[in-house]
Amino acid sequence: MLRLIDQTLGKWLRHVFFAIVRTYFALFYNVSCSGKHLLQDTPGALILATHVSRFDGPLIAAILYTTQRIRPVVHYNEYYNWIQWFPMFVARAIPVSSPKTWTPERRQAQKEASMQRILRALEREESVLLFPAGHTRQQEPEVIAPHLSGAYDILQTNPDRPVLVLRLDGLGKFQPARYDYFWTFLGIRKGRRHISVDIKTVGALDPSTDLAAFNNTLEAMLNTPIRDTF
C-alpha cells in the first residue's frame, strides 16, 4: 500500500515540493551543478556529500530531482520533528540513529532496520544521499568522527555499489560568500549567493580497511575541491 501511495499521490506531492523549493533557491541563490550527468550513468549510487548547512538536503534533492530520484538519509530526530515529518515522508527520507534514551537492544534493532531500508532502496536503483559527517560542520574543513560508520557499513555489505562524492561550496557559514546582482533593481546591494554543487565518481574507497582509515580517506576526498575554482 505504501508503495502505491508513493507512486501516485506521493509523486504529485514531490512535484509540488520540487517547484516550491526550486523557486525559493532560484530567488535567493545562484546555483551551478557539475557532474550531474554521472547520476544517469550510475543508477542506485551511494552519494556521499559534504554537510555545510541545514539547507543541504533540500537543495541537493531539488537540484538533482529532474535527473534521478534521491533518497536522503536523515537523523531520527529530524525525521520525526513535527514540522519536518510530512515533507520527509513524501521525499521517502530514511531515518537513521535513534534516541539515546532507548535500550541498547532497541537501538541496535533500529540501526539494522535502517540499514535494510537503505540497501533495498539501492537495489531498486534509487540513489541514496548520505552525509558521512553526521551533522552540519562547525569548522572550515569537513570532519568525520572516527566512530561514524554509515558509509562504511553500507559498502561493507555491498562493496560493488557505485559511489559518488558530492561537494557543496558557497553555502556554509565557513565558506566564502559571493553574490550576483539579481536584486539590485530593488535597491538591495546583495543579490543571490553563488553556490556550486559538484559531483564526481569515486573508486578509491576500500571497505576492507579498518573504520578509522576508511573515514580518513573519505574525509580527504570530501575536502578536496572537484572544480579548479569557485
Original post:
Checking side-chain contact (heavy atoms from CB on, under 4.5 Å) for the pair Ile118/Leu130: CA distance, chi angles, key distance, verdict?
Top reply: CA-CA 10 Å; Ile118 291 172; Leu130 177 69; 5.9 Å; no

**OP:** Step by step, work out the salt bridge (Lys or Arg N to Asp or Glu O under 4.0 Å) result for Arg227 and Asp169.
**Re:** CA-CA 10 Å; Arg227 63 175 75 182; Asp169 281 304; over 6 Å; no

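In terms of heavy atoms, Arg71 sits closest to Arg117 at NH2-NH2, 4.2 Å. In terms of heavy atoms, Pro159 sits closest to Pro207 at CB-CG, 4.2 Å. Between Ala91 and Arg69, the shortest heavy-atom distance links the atoms O-NH2, 4.1 Å. When all heavy atoms of Pro162 and Pro43 are compared, the closest pair comes out as CG-O, 4.3 Å. Of all non-hydrogen atoms in Val128 and Leu122, the two that sit nearest each other are CG2-CD2, 3.6 Å. Summarising the geometry of Ser127 relative to Leu39, their closest heavy-atom pair is OG-CD2, 4.2 Å, with the distance given to 0.1 Å.
A donor-acceptor contact shorter than 3.5 Å links the side chain of Asp180 to the backbone of Arg192. Within the 3.5 Å criterion, the main-chain N or O of Arg106 finds a donor-acceptor partner in the side chain of Thr103. Panel note: side chain Trp183, backbone Leu27; a donor-acceptor pair is recorded below 3.5 Å. Gln138 places a side-chain N or O within donor-acceptor distance of the main-chain N or O of Thr136, the cut-off being under 3.5 Å. Remark: the backbone N or O of Thr209 is paired with a side-chain donor or acceptor of Tyr152 at under 3.5 angstrom. Gln175 contributes a side-chain N or O that, together with a main-chain N or O of Leu168, makes up a donor-acceptor pair within less than 3.5 Å. Looking only at distances, a side-chain donor or acceptor of Arg193 sits under 3.5 Å from a matching main-chain atom of Gly170. The closest donor-acceptor contact from the side chain of Glu219 to the backbone of Ile144 lies under 3.5 Å. Side-chain atoms of Arg14 come within 3.5 Å of backbone N or O of Val90 as a donor-acceptor pair. A donor-acceptor pair under 3.5 Å is formed between the side chain of Asp56 and the backbone N or O of Ser53.
In this structure, Met221 and Leu205 have side chains that are in contact, with non-hydrogen atoms separated by less than 4.5 Å. Between Gln110 and Tyr76 the shortest side-chain heavy-atom distance falls below 4.5 Å. Between Tyr80 and Met88 there is no side-chain heavy-atom pair separated by less than 4.5 Å.
Between the side chains of Gln116 and Glu112, not a single donor N or O lies within less than 3.5 Å of an accepting N or O.
Within 6.0 Å of atom OH in Tyr24, more than 12 heavy atoms from other residues, nucleotides or ligands are found, so the atom counts as buried in its surroundings. Enclosure of atom CD in Glu140 is not indicated, since only 12 or fewer non-hydrogen atoms of other residues, nucleotides or ligands lie within 6.0 angstrom.
A distance of 6.5 Å separates CG in Leu164 from CD1 in Ile199, rounded to the nearest 0.5 Å. Asn30 CG to Phe182 CZ: the interatomic distance, rounded to the nearest 0.5 Å, is 9.5 Å. Atom-to-atom distance recorded for Tyr179:OH and Thr184:OG1 is 15.0 Å, nearest 0.5 angstrom. To the nearest 0.5 Å, the span separating CG on Leu171 from CD1 on Ile195 amounts to 4.5 Å. Here CD1 of Ile63 is found 12.0 Å from OH of Tyr29. Values are rounded to the nearest 0.5 Å. Summarising the geometry, atom OG belonging to Ser97 is positioned 5.5 Å from atom CZ belonging to Arg107; distances are rounded to the nearest 0.5 Å.
Both Leu148 and Phe214 are members of a single hydrophobic cluster when ILVMFWY side chains are connected at heavy-atom separations under 4.5 Å. Ile94 and Tyr79 are assigned to two separate hydrophobic clusters, defined by single-linkage of ILVMFWY side chains at heavy-atom distances under 4.5 Å.
Under the 30°/60° scheme for interplanar angles, the aromatic rings of Phe131 and His51 are found to lie parallel.
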